[in-house]
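This chain uses plain numbering: 1 for the first residue, then up along the sequence.
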Amino acid sequence: MKVRDQMQKDFLKTWPEITEERERRGISGPGVERPRHKFRHSEVIIHRLGNDAYPDIDEGPGISSWFKVELFDFYHNGIKVILGIESGAIEDSFGFAGNMHWAITSYKADIDDTRFRRINIWRLGLIPFRNIRTYDLAGDGYYNFPHLYCEFSINEMPYERFANAVVGKNDEYDWPLNAELQLDEAAVLKRDASPAEKSLGAT
């Protein structure tokens with residue numbers, strides 16, 4: 001609880017800071033705010049507690065003992081960080097993205113645009129507060145933004161699980177995606193017409 005409360009106090013902008021920034025950006029009214037915009041810093045360095053090659057390149061096997069990630073959002077049990085962006089598709093309908101079927105696809109996948117639309121998808125790692133032992137807000141001479149010192153106690157990683165969210169554009173929010181509704185890529189691709197459908201099309 002102590003780490004959670006202190007991190008939220010140190011990492012999140014205050015409402016006056018948010019208001020001032022919105023004024024600088026010329027935003028009036030409620031608008032659409034990305035989850036990551038609430039943070040004072042966009043990036044952090046993750047360190048493996050007790051076994052850290054920083055600032056040298058870690059040539060050991062497995063995940064590096066230190067690396068840079070972008071912050072995405074807090075969640076009830078920790079903090080979400082951005083691990084990458086994937087190409088994808090989601091049902092082409094109105095409503096909450098978390099209630100829609102979706103898939104990660106190759107960049108040039110031939111999406112069935114009668115049922116799905118193309119999106120980009122955040123790949124997220126969820127670091128629980130219990131794995132964050134301490135942090136340094138100021139950073140150092142190499143990276144002058146926050147450093148988190150974490151236990152890599154879950155399959156030699158700091159994450160308890162992974163998740164995905166829509167990369168919002170224009171007036172879209174970065175909605176979380178439901179892992180139970182994820183489809184294989186083949187399910188969102190254009191399908192070859194059956195012989196009966198081809199026959200109907202020819203008449």
Side-chain angles (χ1 to χ4, degrees), residues 1-28 31-86 120-170 172-176:
M1 292 293 184
K2 183 178 179 181
V3 171
R4 180 199 66 188
D5 295 343
Q6 192 61 45
M7 281 191 69
Q8 290 179 346
K9 179 181 178 181
D10 289 338
F11 280 67
L12 295 178
K13 298 171 184 172
T14 63
W15 181 246
E17 288 174 325
I18 292 172
T19 301
E20 181 180 345
E21 182 178 305
R22 287 169 61 85
E23 289 175 353
R24 286 199 310 269
R25 291 160 54 194
I27 299 174
S28 59
V32 175
E33 289 294 331
R34 311 298 179 209
R36 61 193 185 280
H37 288 168
K38 70 181 71 171
F39 289 102
R40 290 194 172 107
H41 303 273
S42 61
E43 298 173 316
V44 297
I45 298 292
I46 305 294
H47 295 264
R48 181 174 191 148
L49 197 65
N51 183 15
D52 189 357
Y54 181 87
D56 298 324
I57 296 173
D58 187 348
E59 297 179 348
I63 188 172
S64 174
S65 62
W66 71 273
F67 49 90
K68 181 173 69 171
V69 290
E70 293 183 64
L71 296 173
F72 183 76
D73 202 358
F74 281 111
Y75 68 106
H76 73 284
N77 202 38
I79 193 166
K80 298 180 184 180
V81 299
I82 297 172
L83 304 179
I85 295 180
E86 307 277 3
N120 288 324
I121 296 173
W122 293 119
R123 185 161 48 89
L124 306 172
L126 280 64
I127 303 176
F129 290 120
R130 69 178 183 274
N131 275 4
I132 303 172
R133 295 306 184 191
T134 187
Y135 58 89
D136 178 2
L137 276 177
D140 57 24
Y142 294 98
Y143 298 97
N144 60 348
F145 46 79
H147 291 223
L148 304 185
Y149 296 87
C150 301
E151 295 280 2
F152 284 29
S153 61
I154 305 170
N155 297 321
E156 297 298 314
M157 297 184 292
Y159 317 113
E160 65 174 348
R161 61 187 176 91
F162 300 94
N164 299 95
V166 175
V167 178
K169 58 181 181 179
N170 300 326
E172 292 181 327
Y173 185 72
D174 293 350
W175 293 112

Side-chain donor/acceptor of Asp174 to backbone N/O of Gly168, under 3.5 Å: yes

Between CH2 on residue Trp66 and CD1 on residue Ile57, distance to nearest 0.5 Å: 8.0 Å

Any residue meeting side chain to side chain contact (heavy atoms under 4.5 Å, CB included) with Lys38, in chain and number order, not counting sequence neighbours: Leu12, Asp73

Those residues that, when tested against Tyr54, pass side-chain hydrogen bond (donor to acceptor under 3.5 Å, both in side chains) (two or more places apart): Asp140

Inter- and intrachain pairs under salt bridge (charged side-chain N to carboxylate O under 4.0 Å, His left out), touching residues 57-69, at least two apart: Glu43-Lys68

Validation row: Val44, Ile79 side chains within 4.5 angstrom (heavy atoms): no

CD1 on Ile45 to CG on Asn144, rounded to 0.5 Å: 10.0 Å

Euclidean distance, Tyr143 OH relative to Asp136 CG, rounded to 0.5 Å: 15.0 Å

Qualifying residues under ring-ring contact (aromatic ring centres under 6.0 Å, His included), relative to Phe162, sequence neighbours excluded: Tyr159

Contacts of Phe74 that satisfy ring-ring contact (aromatic ring centres under 6.0 Å, His included) - sequence neighbours left out: Phe39

Closest contact, heavy atoms only, Phe129 versus His76: CE1-O, 4.2 Å

Salt bridge (charged side-chain N to carboxylate O under 4.0 Å, His left out) against Arg133, all qualifying residues, sequence neighbours excluded: Glu151

Arg130: side chain to side chain contact (heavy atoms under 4.5 Å, CB included) partners, not counting sequence neighbours: Asn77, Pro128, Ile154, Glu160

Qualifying residues under salt bridge (charged side-chain N to carboxylate O under 4.0 Å, His left out), relative to Glu156, sequence neighbours excluded: Arg48

Partners passing side-chain hydrogen bond (donor to acceptor under 3.5 Å, both in side chains) against Ser153 (at least two apart in sequence or in another chain): Asn131

Leu126 CG to Leu83 CG distance, which is reported to the nearest 0.5 Å: 9.0 Å

From CG (Asn155) to CD1 (Ile63), nearest 0.5 Å: 10.5 Å

Pairing residues for Ile82 by the side chain to side chain contact (heavy atoms under 4.5 Å, CB included) criterion, not counting sequence neighbours: Arg36, Glu70, Phe72, Trp122, Leu124

Full working for side-chain contact (heavy atoms from CB on, under 4.5 Å) between Leu137 and Arg40: CA-CA 10 Å; Leu137 276 177; Arg40 290 194 172 107; over 6 Å; no

Nearest-0.5 Å distance that lies between atom NZ in Lys13 and atom NE2 in His41: 10.5 Å

Smallest separation among heavy atoms of Ser65 and Ala53, with atom names: OG-N, 3.0 Å

Non-neighbouring partners of Thr19 that pass side chain to side chain contact (heavy atoms under 4.5 Å, CB included), sequence neighbours left out: Trp15, Glu23

Results of ring-ring contact (aromatic ring centres under 6.0 Å, His included) for Phe11 - residues two or more places apart only: Tyr135

